[in-house]
Novice: 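Mind looking over this structure? Questions follow.
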Amino acid sequence: MATEWVISRLGEAERAAWVNVVESVGWRFVPAEIDLLFAAGEAWGAYVDGQLAGVASVYRYGQSLAWLGNVAVLPDVQRRGIGSKLVDHVLRQLEGEAGAVPVGLVARKELAPLYARFGFRPAGEVVRLGTNRVLVPHLPQEPLGTEGQGDAWLEDVRRLDEHAFGADRSELLQRVMRAADKVIAVRDDAGKAQGMGVALPSETGMRVGPILAQNDIMALNLMHLLAEDVEGPVVMDVPAERASFLHRLRKLGFEDQSSSVIMLRGAPRLPGHRQYLYALLRPAFG
């Protein structure tokens, strides 16, 4: 009997099936994370003989950039081309609707050859670090103030994030702010925002990111303010080029958990001013 394939857009009615697929590969999310991942992008699914066997999501940031994430296939049907068919379908959808938009993703290193077949090329690395207890950093004082969410917060977040990331993620960031445990802005004496950080709940503790900062000291101060009251593990995804920041985090008790490759299709390099990006929102979002 021939295998019947169907690839379609997933809606809220398919949420439980989507969760089943991503959890089958070891990903665990709290409800707030699932809400954010599922609602902020377009979820696609591959049905094989009537069963949802694979999923993928795409997150669109205007005409500047799109991001591919949450690509997962049930273990018992892996190596049958399901992931490749999903990636091909999502990329064709993007090309048909938006034209030649650069697409990025974060992948495990062993999966890089799969994405290379679709024109993705390495554009950097991300190191995931975690700790069960954030040590208090001994940092010099800076003439900076911190404040929480307020009337000017969204515009500050949008401006800082677009400058560093290179694309407008306003809609995503509004959802992130609603789901966050903490949001912090760092301002100079004139009240101008110089950095910001967000902490989101995770299955076991907290995920810190994004962190946008002018330097290592500001980034460390933000990390500590975001994570100082957390009960449970803290996880961060840090670009590998932030080498001195990574060194400081390791001295504060963070340990490497994994390393992934950033890949890009349709552009020679990632947009934005990435020297100010100290921690990703999460790999699925870029």
Side-chain angles (χ1 to χ4, degrees), residues 19 22-23 25-41 59 67 69-70 106 126-139 146-150 153-154 156-157 160-161 164-165 169 172-186 195-213 216-240 242 245-260 276-286:
V19 171
V22 299
E23 289 189 346
V25 298
W27 300 342
R28 297 289 184 271
F29 303 121
V30 298
E33 287 182 292
I34 297 171
D35 290 341
L36 181 60
L37 288 166
F38 201 72
Y59 301 92
W67 208 265
N70 307 323
V106 175
V126 175
V127 180
R128 174 164 294 178
L129 303 99
T131 182
N132 290 322
R133 177 172 174 265
V134 176
L135 302 177
V136 178
H138 299 285
L139 300 173
T146 62
E147 68 176 52
Q149 192 167 328
W153 172 249
L154 180 58
D156 285 339
V157 167
L160 288 169
D161 187 75
F165 186 74
R169 302 194 290 180
L172 171 62
L173 291 170
Q174 288 184 58
R175 294 182 182 276
V176 168
M177 288 166 51
R178 289 196 293 268
D181 282 341
K182 288 184 181 179
V183 287
I184 296 175
V186 179
M196 71 95 170
V198 178
L200 288 159
S202 68
E203 186 196 19
T204 56
M206 175 180 286
R207 175 181 294 276
V208 173
I211 289 181
L212 307 175
D216 286 6
I217 299 301
M218 184 186 291
L220 286 166
N221 271 311
L222 278 164
M223 181 277 296
H224 182 247
L225 288 166
L226 291 165
E228 60 183 345
D229 301 323
V230 178
E231 295 183 3
V234 175
V235 173
M236 301 174 63
D237 291 295
V238 179
R242 304 279 79 76
F245 182 58
L246 285 165
H247 176 70
R248 292 173 184 266
L249 289 173
R250 290 166 182 142
K251 291 184 70 173
L252 291 171
F254 281 85
E255 296 181 351
D256 291 27
Q257 295 185 346
S258 63
S259 178
S260 302
Y276 302 119
L277 181 60
Y278 278 80
L280 304 188
L281 171 53
R282 65 179 311 131
F285 298 140

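The figures here come from the full heavy-atom set of this structure, side chains too, leaving out hydrogens, waters and symmetry mates. We count residues from 1, following the sequence as given.
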Novice: Of all the heavy-atom pairs spanning N132 and P233, show the shortest one and how long it is.
Specialist: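 Scanning both residues, the minimum pair turns out to be OD1-CG, 3.4 Å.
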Novice: Taking D237 as the fixed residue, which of R128, R282, Q257 is the one that meets the side chain to side chain donor-acceptor pair (under 3.5 Å) rule?
Specialist: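 Answer after filtering R128, R282, Q257: R128.
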Novice: If you apply the rule side chain to side chain contact (heavy atoms under 4.5 Å, CB included), what do you find for L129 with V238, and how did you get there?
Specialist: CA-CA 8 Å; L129 303 99; V238 179; 3.8 Å; yes
Novice: Please check this pair: side chain of K182 against backbone of L225, looking for a donor-acceptor N/O pair closer than 3.5 Å.
Specialist: yes
Novice: Roughly how far, to the nearest 0.5 Å, is the NZ atom of K251 from the CG atom of L220?
Specialist: 11.0 Å
Novice: Take R250 and F245, measure what side chain to side chain contact (heavy atoms under 4.5 Å, CB included) needs, and give me the verdict at the end.
Specialist: CA-CA 9 Å; R250 290 166 182 142; F245 182 58; over 6 Å; no
Novice: Decide, yes or no, whether a salt bridge links R28 with E33 under the criterion of side-chain N to carboxylate O below 4.0 Å.
Specialist: no
Novice: So does E255 have more than 12 non-hydrogen atoms from other groups sitting under 6.0 Å from CD?
Specialist: no
Novice: Pair V234, R133 - check side chain to side chain contact (heavy atoms under 4.5 Å, CB included), show working.
Specialist: CA-CA 7 Å; V234 175; R133 177 172 174 265; over 6 Å; no
Novice: Go through it in stages, so that I can follow the logic: the residues are V186 and M218, the test is side chain to side chain contact (heavy atoms under 4.5 Å, CB included), and I'd like the CA-CA distance, side-chain angles, deciding distance and then a yes or no.
Specialist: CA-CA 8 Å; V186 179; M218 184 186 291; 4.3 Å; yes
Novice: A40 and L172: which non-hydrogen atoms are nearest, and at how many Å?
Specialist: CB-CD1, 3.6 Å
Novice: If the test is side chain to side chain contact (heavy atoms under 4.5 Å, CB included), which one of L280, N70, L36 qualifies with F285?
Specialist: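 Output: one option passes, namely L36.
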Novice: Can you find a pair of side-chain heavy atoms, one from P210 and one from M196, that are under 4.5 Å apart?
Specialist: yes
Novice: So, does S260 use its side chain to make a donor-acceptor pair with the main chain of V126 at under 3.5 Å?
Specialist: no
Novice: So which atom in G209 and which in L200 form the shortest heavy-atom distance, rounded to 0.1 Å?
Specialist: O-CD1, 4.5 Å
Novice: Quick one: CG on L249 to CE on M223, what's the gap to the nearest 0.5 Å?
Specialist: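 The distance works out to 5.5 Å.
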Novice: On a heavy-atom basis, which atom in V198 and which in A180 lie closest, and how many Å separate them?
Specialist: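 The pair with the smallest heavy-atom distance is CG1-CB, 3.8 Å.
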Novice: Do the charged groups of R175 and D35 touch, with an N to O distance under 4.0 Å?
Specialist: no
Novice: Can you measure from CZ (R242) to CG (L277) and round to the nearest 0.5 angstrom?
Specialist: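 The distance works out to 7.5 Å.
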Novice: Under a 4.5 Å cut-off applied to non-hydrogen side-chain atoms, are V19 and I34 in contact?
Specialist: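 Yes - at least one pair of side-chain heavy atoms lies under 4.5 Å apart.
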Novice: Give me the atom names and distance for the closest heavy-atom approach of A164 to L212.
Specialist: CB-CD2, 3.7 Å
Novice: Decide side-chain hydrogen bond (donor to acceptor under 3.5 Å, both in side chains) for Y276 and D161; before the verdict, give the C-alpha distance in whole Å, the side-chain angles of both, and the deciding distance to 0.1 Å.
Specialist: CA-CA 9 Å; Y276 302 119; D161 187 75; over 6 Å; no
Novice: Is there a donor-acceptor pair under 3.5 Å between the side chain of W67 and the backbone N or O of P283?
Specialist: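 Judged by distance alone, yes, a pair lies under 3.5 Å.
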Novice: Taking all heavy atoms of L222 and all of G195, pick out the closest pair and write down the distance.
Specialist: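 Looking at all heavy atoms of both residues, the shortest contact is CD1-C, 4.3 Å.
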Novice: Under 3.5 Å, side chain of Y278 to main-chain N/O of D216, donor-acceptor pair present?
Specialist: yes
Novice: With a 4.5 Å limit on heavy-atom distance, are the side chains of I211 and M236 in contact?
Specialist: yes
